[in-house]
Amino acid sequence: MRDAAPQTIYLADYTPFGFTVEEVHLTFDLAPSATRVTSRIRFAPNPDATDSTFFLHGENLSLISARIDGESVTPTLTAEGLTCDVPNMPFLWEAEVQIDPAANTALEGLYQSNGMYCTQCEAEGFRKITFYPDRPDVMSTFTVRINGPHATLLSNGNPVAAGDGWAEWHDPWPKPAYLFALVAGELVAHRDTFTTSEGRHVDLALYVRPGDEGKCAFGMEALKASMTWDEEVYGRAYDLDVFNIVAVDDFNMGAMENKGLNIFNASAVLASPETSTDMNFERIEAIIAHEYFHNWTGNRITCRDWFQLCLKEGLTVFRDSQFTADMRSEPVKRISDVIDLRGRQFPEDQGPLAHPVRPESFQEINNFYTATVYEKGAEVIRMLKTLVGDDAYAKALDLYFDRHDGQACTIEDWLAVFTDATGRDLTQFKRWYSQAGTPRVAVSESYEDNTYTLTFAQSTPPSATTADPQPQVIPLAVGLLAPDGSEAMGTQILELTEASQTFSFPGQAAKPVPSILRGFSAPIVLDHGADHAFLLAHDTDPFTRWEAARNLARTSLMNTLTKGTVPDSAWLDGIAKVLSDDSLDPAYRALMLGLPGQSELAADLHRDGHIPDPDTIWTAVTNLKQALSDQMRDDLADLYTAQQVTAPYRPDAAQAGKRTLGNAMLSLITRQDGGDTAQTQYDAADNMTQQLAALANLIRAGRGDAALATFEAQWKDDRLVMDKWFGLQVMEAKPDDAADTAKALTGHADFNWKNPNRFRATLGALAGHHAGFHAKDGSGYTLLADWLIQLDPVNPQTTARMCAAFQTWRRYDAIRQSMIGKELDRIASTPNLSRDTTEMITRIREA
Ligand code: TRP
Ligand code: ZN
């Protein structure tokens, strides 16, 4: 059905709903194309509200009957919901609607995936299930009866009773409708138990399709580890008798924190050594933790309205990053997060889609589940913790849980807790929530009479939503190194609050070398012409030491791209030393070896006034890798061999780190031996990490065809592994072949384009292949636009997200801009384009 004309919603317009909901009873009579949903809802006038209009959201619902206090009523229906005259006192609303889960390809509301019923209600999907005030500040207890001929019938909360063909659930914790969930199907359970610190016995289950039982153990362990961690670190225990997770093949995002019934994209929970890479294991552990942590930060304390999304998402991402740092390696996690932030959030913050961590307007809220809300939102909390200190952070969080349990809150509530716990005025800090854009901090220095002085100038470029950014509070972690490499001053937190600010460090016998932005203490761009080679050799902070390597690589690449110079020996020599340093964690060494992303280099060139050429960037990066491979030629085999793991496969950080470094060596070796070692590794591999890395090298070496065929034969029945097969061929294609490769794959019998994982694996890989997507002939742009136009009527949410591939278009030359502009016009002029995609294309075009 066609969306109504786009309407903009403003934070400033918030008003409470005119009614409270005392309790909700739902009955589902499941049938693929004609599911009946009967609701019995007790409403009462809300004393805090001024507007008493009785409006219930509802979309694509066939209303069968409606009653108030038992009397039949005839509501006024629109495409968005209904209004009805109601008594000025508590009343019982009863309605029966019919919906069509089998026809629901948007994967929002109640839908079917491989015959299994499941729901996705965040953000505004519950209105596709029944008429309801579908807004997060309306909270209620839910009792749910499911009638259906299925072995597994699940909803939120605790099981009440069940019989042949039915089950009843009750969730005693008041919750907004976006946390509602229902699952029905022929599933198998992997079970375990957990006893909380409060002595509550909890039955845990991970429900999967028959055949996937062998992929559950890791996720279950991750769940128990998350439950323990939240008790130990945040003092938060679980609060129901059961905790269920369900794996679903068709899902728009990673996973969803529905109370007591988390629903997961199968790719975010199912794991086995044979089918999952080390990276998959780490991601699964993090997502399980993330959804579990939402039980407190999101569910017990939720958001007043969707503008406050970062209240739950920023905090929960921050919590899951702390968890991963504790479970694995803190520096490796921090560096990986920064790479991710620069790869996904910086382009957003510096382009036409820029918006504050707390947006102030939107047309389609699904378009604001962004790297800015999630990842920058987490960075803002990290800064807050840095500024107030660990103890005050813990105190503030205790106060937050005490004061706001059971409430739907705002960023004002969140900051008030910190102000009340610490006495600190956070008025200026709050700009991190209201201003878009990445602050840049320029550094200058002087040294005189044993006093070293650093001057910092901060500025944020204006953006689509923030015309005139004001100075922000920037915690800068700074240390000083003496000329001999020893530490002259340990880490101090400097607080920038002004546009320009100077800090003096007396008592320096010699001019020190500054190490600035240790631990990446703020999400900024630092302009700093430091002695990176010195820092790479001597810095004691693992982040800034890694950053020094990255800066040397960047300088080498930028010089090649702007002046045509050959690869820089400062990077080559520095890296060669680090790589052979066995005292360093292999995972850390592998990170040291990484180069800035090609899209990131394009952004840097653009910022410096150059027009980036994707082919030239691809060549420069390829040549730099070749130069490192040539320089290290004699050491590669030993380094590779030293990382081989002989013990049985474990997905832990220690083993994974060795495989990561070993496979980084493999790609340098492949540049010398044309893929012989990769073929040997491929043939011997007994786990997906080794198999997939070998396959990538074979493709890159131009001899992947045989292995691709055996891989397909081996894994054709495993969807998640076949996603890798689809994606890898595009990712490893030469720039000129990437679009053709993707296009050919879309003709493959297993290219099920309605499945978001498969669509993303193939076309998302093209969008992520910088030189391939931006191929001179425009074939990448046309192919992506063709598929976005095809997917939009089926799944607007996934279509809209992938439009972001075009967000950087203004960086490129006039010919590319004109080709992209035409594709954007073509998408925009598609009849009946969804609200989701319309909003994205409009924002991107208005740049
Ligand atoms: N709240 C989910 C999370 O943990 C995000 C999510 C899952 C979502 N499915 C969605 C958001 C669908 C919007 C639409 O991060
Ligand atoms: Zn989340």
Side-chain angles (χ1 to χ4, degrees), residues 267 274-280 283 597-599 614-615 618 621-622 625 663-664 666-667 670-671 674-675 677-679 681-683 685 687-788 790-791 798 802 805:
S267 75
E274 296 73 33
T275 59
S276 313
T277 63
D278 291 325
M279 263 165 56
N280 295 149
R283 174 170 177 264
Q598 294 179 35
S599 181
D615 288 319
W618 192 86
V621 167
T622 304
K625 289 177 182 166
N663 286 326
L666 179 64
S667 70
T670 300
R671 293 181 185 282
T677 308
Q679 188 67 57
Q681 176 169 320
Y682 186 84
D683 294 336
N687 65 76
M688 184 49 66
T689 307
Q690 295 299 87
Q691 189 179 11
L692 201 66
L695 181 58
N697 277 282
L698 290 172
I699 300 173
R700 222 177 293 136
R703 51 188 270 196
D705 288 354
L708 277 167
T710 59
F711 191 99
E712 184 186 12
Q714 183 183 358
W715 295 116
K716 60 181 184 324
D717 296 326
D718 189 305
R719 286 185 177 80
L720 296 176
V721 179
M722 284 304 285
D723 287 336
K724 301 181 201 303
W725 183 86
F726 274 82
L728 194 68
Q729 295 181 63
V730 180
M731 288 188 273
E732 297 300 344
K734 302 273 184 295
D736 287 346
D737 298 333
D740 283 349
T741 302
K743 191 169 191 166
L745 286 167
T746 61
H748 190 286
D750 289 334
F751 182 69
N752 172 8
W753 58 275
K754 295 183 182 178
N755 175 265
N757 289 358
R758 188 61 48 89
F759 190 93
R760 274 191 294 258
T762 310
L763 292 147
L766 177 63
H769 189 312
H770 184 251
F773 180 56
H774 292 285
K776 250 201 286 303
D777 63 359
S779 54
Y781 308 144
T782 305
L783 184 67
L784 184 66
D786 284 348
W787 277 101
L788 293 177
Q790 181 167 335
L791 186 64
T798 289
M802 287 192 58

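Here, residue 1 is the first one in the sequence, and each next residue gets the next number.
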I'd like to know whether Gln714 forms a side-chain hydrogen bond (donor to acceptor under 3.5 Å, both in side chains) with Gln691, so could you lay out the CA-CA distance, the side-chain angles of the two residues, the decisive distance to 0.1 Å, and finally the verdict. CA-CA 12 Å; Gln714 183 183 358; Gln691 189 179 11; 2.9 Å; yes
Checking Val721, Asn687, Asn280, Leu728 against Leu692 for side-chain contact (heavy atoms from CB on, under 4.5 Å), the one that qualifies is Leu728
- Query: Is the count of non-hydrogen atoms from other residues, nucleotides or ligands lying under 6.0 Å from Asp705 atom CG greater than 12?
  - Reply: no
| query | Can you tell if the side chain of Asn752 reaches within under 4.5 Å of the side chain of Phe759, non-hydrogen atoms only? | reply | no
query = Are any of the side-chain heavy atoms of Trp725 and Leu745 separated by less than 4.5 Å?
reply = yes
Separation between CH2 (Trp618) and NE2 (His769), nearest 0.5 Å, reads 7.0 Å
> Would His748 and Glu712 satisfy side-chain hydrogen bond (donor to acceptor under 3.5 Å, both in side chains), going step by step from the backbone distance to the final call?
Replying inline: CA-CA 12 Å; His748 190 286; Glu712 184 186 12; 2.8 Å; yes
Less than 4.0 Å between a side-chain N and a carboxylate O, is that true for Lys716 and Asp750? no
Residues at least two apart in sequence or cross-chain that pass side-chain hydrogen bond (donor to acceptor under 3.5 Å, both in side chains) with Thr622, listed by chain then number, are none
query: Run the side chain to side chain contact (heavy atoms under 4.5 Å, CB included) check on Met688 and Glu274 step by step: do they pass?
result: CA-CA 5 Å; Met688 184 49 66; Glu274 296 73 33; over 6 Å; no
Say whether, by atom type as modelled, one donor and one acceptor occur between the side chain of Thr762 and the main chain of Phe726 under 3.5 angstrom.
no
On a heavy-atom basis, the closest approach of Ala701 and Gly674 is CB-O, 3.5 Å
Minimal heavy-atom distance between Ala678 and Ala694, with the atoms involved, is O-CB, 3.4 Å
>> Working note: Leu695 + Phe711, criterion side chain to side chain contact (heavy atoms under 4.5 Å, CB included); need CA distance, chi angles, decisive distance, verdict.
In response: CA-CA 9 Å; Leu695 181 58; Phe711 191 99; 3.8 Å; yes
**Asked** Would Asn697 and Arg700 count as a side-chain hydrogen bond (donor to acceptor under 3.5 Å, both in side chains) if you check the C-alpha gap in whole Å, the side-chain angles of each, and the deciding distance to 0.1 Å?
**Response** CA-CA 5 Å; Asn697 277 282; Arg700 222 177 293 136; 3.1 Å; yes
| Would Gln690 and Asn663 satisfy side chain to side chain contact (heavy atoms under 4.5 Å, CB included), going step by step from the backbone distance to the final call? | CA-CA 8 Å; Gln690 295 299 87; Asn663 286 326; 3.0 Å; yes
- Item | Derivation and outcome, side-chain hydrogen bond (donor to acceptor under 3.5 Å, both in side chains), residues Asp786 and Gln790 | CA-CA 6 Å; Asp786 284 348; Gln790 181 167 335; over 6 Å; no
